[in-house]
There are 2 protein chains.
Amino acid sequence: MSAIGFERHDHAGCIDDAMRQAESRCKADKLQFTPMRRRVFEILLEAHRAFGAYDILEVLVQDGHAAQPPTVYRALDFLLKAGLIHRIERLNAYAACALLDEHGHGAHDHVPAFLICRHCRSVAEAEGDLTISGLAEAAAATGFLVERQVVEAEGLCPACRKDPAAAEVAA
Amino acid sequence: MSAIGFERHDHAGCIDDAMRQAESRCKADKLQFTPMRRRVFEILLEAHRAFGAYDILEVLVQDGHAAQPPTVYRALDFLLKAGLIHRIERLNAYAACALLDEHGHGAHDHVPAFLICRHCRSVAEAEGDLTISGLAEAAAATGFLVERQVVEAEGLCPACRKDPAAAEVAA
DNA sequence: AGAAGGGTTGTTACAGTATAACATCTCATC
DNA sequence: GATGAGATGTTATACTGTAACAACCCTTCT
């Protein structure tokens, strides 16, 4: 597998790297990596685990910023669309992408698979086109104990594909 | 694959079957399949798609029952633990299990994989130990267009496995 | 019969997650 | 300096889920 997330690493270095990659990514795609978006991304990188929107909000407030929920959710939407972070459905939370490539692309061609610790909320991101049971086995090999798995594919069913009202692009 | 959910079928018949299987399952396991739990299960079977807790509540109220949220969530917890329904994380919603076996066991040994229509919220349940990309391909073969996939495994990370406080059984 | 106890449901209140709607600001461009 | 697009500020509210305690129903034991 090659799950990224639980092994020890140079934390300050990985934050710097990710930040630089995010910047070049946004620059290349003409996306505005504003101070607010940058700060939210940084908070997630520093946390190095899944953080809820209101956890992020709390940090912003500690920063001295009188932020409100929509501000955080907007930044999160931007980062999600840019492929810089992931939403962890199971936790209603967000985590910085651990697999940015050399161009700062987190918007992998692959589907991310996450290993989520229910105790400390740390998140590891596995790569590779594993089977469902293969993921659990690979996780076990790294010392992670899988207790529950979620596999969900969202899209359009055969009937709704024929419905023009449903055709609009997915958010 | 054999995704169950989008093809036409004898709806009244499948509800009756599922209900009978649920009853025998609960009887065998000495679980109380009370009128409230039975009704909530029935609502999900009739809906035949993902229903939020408050959607269910609304139906109960239309029934003339002055139900409150905890009543619905309790019934859902029971049905989840009994393996009769699934929670669809992506939608914060619930769907009756489509794969009860001849003994009324929905608590498969397999990990369920869901195909969720973002337009009509219908849910198909795929079986088999597919790879991530295999799921999308198999879905496409049935006419379902996958736009987004979620793979999440929840459990304990290597560090937290050593922490007694984390050892308590997952709910 | 009465007491005790486990499990289910009723009820009130509230916590946590997310968004609608509209105002304001900033900055590049014309 | 006017315009317009995108970003952020602000208020209010919707949606999802749970804590805590009371009441009820049954079974079991004495």
Side-chain angles (χ1 to χ4, degrees), chain A residues 22-23 26-27 29-41 43-44 47 50-61 63-82 84-95 116 118 121 150 170-171, chain B residues 22-23 26-27 29-41 43-44 47 50-61 63-82 84-95 116 118 121 150 170-171:
Chain A
E23 267 161 19
C26 290
K27 197 163 188 177
D29 290 4
K30 300 202 195 313
L31 300 173
Q32 297 184 43
F33 199 43
T34 63
M36 177 60 72
R37 291 165 178 177
R38 188 190 168 87
R39 180 63 186 133
V40 170
F41 185 48
I43 288 168
L44 285 177
F51 246 39
Y54 282 71
D55 295 329
I56 294 167
L57 182 55
E58 202 172 297
V59 176
L60 288 175
V61 169
D63 281 359
H65 192 294
Q68 297 292 324
T71 298
V72 176
Y73 282 103
R74 282 168 187 152
L76 289 171
D77 281 346
F78 171 86
L79 296 168
L80 283 169
K81 281 177 186 155
L84 296 170
I85 65 171
H86 296 289
R87 176 177 164 81
I88 309 297
E89 301 290 344
R90 176 67 185 146
L91 298 177
N92 294 330
Y94 307 83
I116 306 158
R118 68 169 159 83
R121 307 214 335 168
V150 174
Chain B
E23 266 160 19
C26 289
K27 197 162 188 176
D29 290 4
K30 300 204 194 313
L31 300 173
Q32 297 185 42
F33 199 44
T34 64
M36 176 60 70
R37 291 165 177 178
R38 187 189 169 87
R39 179 64 185 132
V40 170
F41 185 48
I43 288 168
L44 285 177
F51 245 39
Y54 282 71
D55 296 328
I56 294 167
L57 182 55
E58 201 172 299
V59 177
L60 288 175
V61 169
D63 281 359
H65 191 294
Q68 296 294 323
T71 298
V72 176
Y73 282 103
R74 285 168 185 151
L76 290 171
D77 282 347
F78 170 86
L79 296 168
L80 283 170
K81 281 177 186 155
L84 296 170
I85 65 171
H86 295 290
R87 175 177 164 82
I88 309 297
E89 301 290 342
R90 175 69 185 144
L91 298 177
N92 293 331
Y94 307 83
I116 306 158
R118 67 169 161 84
R121 308 219 328 172
V150 174

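Lettering of chains follows the sequences in order, A, B, ..., and the numbering in each one begins at 1.
Regarding Leu91(A), its CG atom lies at a distance of 18 Å from the P atom of dT16(D), rounded to whole Å. As a whole-Å value, the separation of Arg37(A) CZ from dG6(D) P is 11 Å. In this structure, Leu76(B) atom CG and dT16(D) atom C1' are separated by 12 Å, rounded to whole Å. Counting to the nearest Å, the P atom of dT16(D) and the OH atom of Tyr73(A) are 13 Å from each other. Look at CZ on Arg90(B): it is 15 Å from C1' on dC15(D), rounded to the nearest Å. The interatomic distance linking Phe78(A) (CZ) with dT8(D) (C1') rounds to 14 Å, in whole Å. As a whole-Å value, the separation of Met36(B) CE from dC25(D) P is 14 Å.
Residues Thr71(A) and Val40(A) fail the side-chain proximity criterion, which asks for heavy atoms closer than 4.5 Å. The side-chain heavy atoms of Val59(B) and Asp63(B), taken from C-beta on, include a pair separated by under 4.5 Å. Between Leu76(A) and Leu44(A), some side-chain heavy-atom pair lies under the 4.5 Å cut-off. Looking at Glu89(A) and Val150(A), their side chains never come closer than 4.5 Å, going by heavy atoms from C-beta outward. Looking only at side-chain heavy atoms (C-beta outward), Leu60(B) and Met36(B) come within less than 4.5 Å of each other.
Contact record, Ala53(A) with Val72(A): O-CG1, 3.6 Å, taken as the closest heavy-atom pair.
For Gln68(A) and dG9(D), the shortest distance from a side-chain N or O to OP1 or OP2 is not below 4.0 Å. Residue Arg87(B) places at least one side-chain N or O under 4.0 Å from the OP1 or OP2 atom of dG17(D).
Each of Gln32(B) and Ala66(B) has a nearest nucleotide on DNA chain C; the 5'-most of these lies closest to Gln32(B). If Pro69(B) and Asn92(B) are placed on DNA chain C by their nearest nucleotide, the residue sitting closer to the 5' end is Pro69(B). Heavy-atom nearest nucleotides on DNA chain D were determined for Gly52(B) and for Pro70(A), and the one closer to the 5' end corresponds to Pro70(A).
Tyr94(A) comes within 4.0 angstrom of sugar-phosphate atoms only, judged by non-hydrogen atoms across all strands, and of no base. Looking at heavy-atom distances under 4.0 Å, Arg74(A) makes contact with a base.
Of all nucleotides in DNA chain C having an atom under 4.0 Å from a heavy atom of chain B, the first and last in 5' to 3' order are dG7(C) to dT12(C).
For Arg37(B) (side chain) and Gln32(B) (main-chain N/O), a donor-acceptor pair under 3.5 Å exists by modelled atom type.
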